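Note that the structure is a prediction, hence the values are computed from the model and not measured. Every chain is numbered from 1 and lettered A, B, ... according to where its sequence line falls, protein lines coming before strand lines.
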Amino acid sequence: DAGVTQSPTHLIKTRGQQVTLRCSPKSGHDTVSWYQQALGQGPQFIFQYYEEEERQRGNFPDRFSGHQFPNYSSELNVNALLLGDSALYLCASSLWGGEIHYEQYFGPGTRLTVT
Amino acid sequence: GDSVTQMEGPVTLSEEAFLTINCTYTATGYPSLFWYVQYPGEGLQLLLKATKADDKGSNKGFEATYRKETTSFHLEKGSVQVSDSAVYFCALIIQGAQKLVFGQGTRLTINP
């Protein structure tokens, strides 16, 4: 049973460019959350998708957007990249629980470097 | 807002030493508490959790007790091994919410 997978593993982009990161959830999971982990910091919640809709959003600008597909996989898009967007981007999948929290399983992350 | 504060790292111990990593939290609601571990090159893994006051989470020799009166969830292990070297994150989630709120992480290195 494959766990959460993310692609690519590493990515280097230039300021002002746009980037798309991809995530495939663990088998049986229908909910995907994205987190940004800056170097030496804890992950910060970006947003969560369920039924192809953004359900909850953290304190990130509109440059960060996402999408969920019918097969539950997800993309994170970042426009107009800034140097400060350099980070490890983590995807986590879970079952949708509404008021109930189900364990989130994390992928290995995509390391984005903006130069 | 909701937040988690962990003891500053890095922490370096000898094998078989006793480990404590402090974690305190501030929450607007009634949180569930977690410890995650991140090994080099791997994703975050849930180590243990506690969902209500006085609950003790435990796994792989690690323990943490949910202390509502001190808003704390300190991680302990009686005898650490080299394989425990990793970054440890304390986290919370508020009932009814879906986002995990993490502390800044504590890097632990165990020397043989």
Review point. With hydrophobic residues grouped by side-chain heavy-atom distances under 4.5 Å, do M7(B) and L13(B) end up in a single group?
Key: yes

Filtered by a 4.5 Å non-hydrogen cutoff, the part of residues 72-92 of chain A contacting chain B is L88(A), L90(A)

Answer with yes or no whether the hydrophobic clustering places V4(B) together with I94(B); edges join I, L, V, M, F, W, Y residues whose side-chain heavy atoms lie under 4.5 Å apart.
-> yes

More than 12 heavy atoms of other residues, nucleotides or ligands under 6.0 Å from OH of Y102(A): yes or no? no

Residues 97-112 of chain B vs side chain to side chain donor-acceptor pair (under 3.5 Å), sequence neighbours excluded, gives Q6(B)-T106(B)

Taken to the nearest 0.5 Å, the spacing of Q104(A) CD from L44(B) CG works out to 10.5 Å

| Is the shortest heavy-atom distance from the side chain of P43(A) to the side chain of Y36(B) under 4.5 Å? | no

When you look at F102(B) and F45(A), which way does the ring pair (Phe, Tyr, Trp, His ring centres under 6.0 Å) test go after all the steps?
CA-CA 9 Å; F102(B) 288 88; F45(A) 176 80; over 10 Å; no

* Asked: CD of Q44(A): more than 12 outside heavy atoms within 6.0 angstrom?
  -> no

Residues of residues 53-63 of chain A with a heavy atom under 4.5 Å from any heavy atom of chain B, in residue-number order, are Q56(A)

Within residues 64-80 of chain B, contacts to chain A at heavy-atom distances under 4.5 Å involve none

Note to self: Can you confirm whether more than 12 heavy atoms, excluding those of E15(B), are under 6.0 Å from its CD atom?
What the structure shows: yes

Turns out that what part of Q41(A) lies under 4.5 Å from chain B's heavy atoms comes down to both

Turns out that what part of Q45(B) lies under 4.5 Å from chain A's heavy atoms comes down to neither

Self-check item: ILVMFWY network linking I110(B) to F62(B), side-chain heavy atoms under 4.5 angstrom
Solution: yes

When hydrophobic residues are tied together by side-chain contacts of less than 4.5 Å, even through go-betweens, does W96(A) share a cluster with W34(A)? no

Are V101(B) and I93(B) linked, directly or through other ILVMFWY residues, by side chains that come within less than 4.5 angstrom of each other?
no

Between the OH atom in Y35(A) and the CG atom in L100(B), the distance rounded to the nearest 0.5 Å is 4.0 Å

Most contact-rich option vs chain B, by heavy-atom pairs under 4.5 angstrom, among P108(A), G42(A), G107(A), is G42(A)

Applying a strict 4.5 Å limit to non-hydrogen atoms, the region of Q37(A) in contact with chain B is side chain

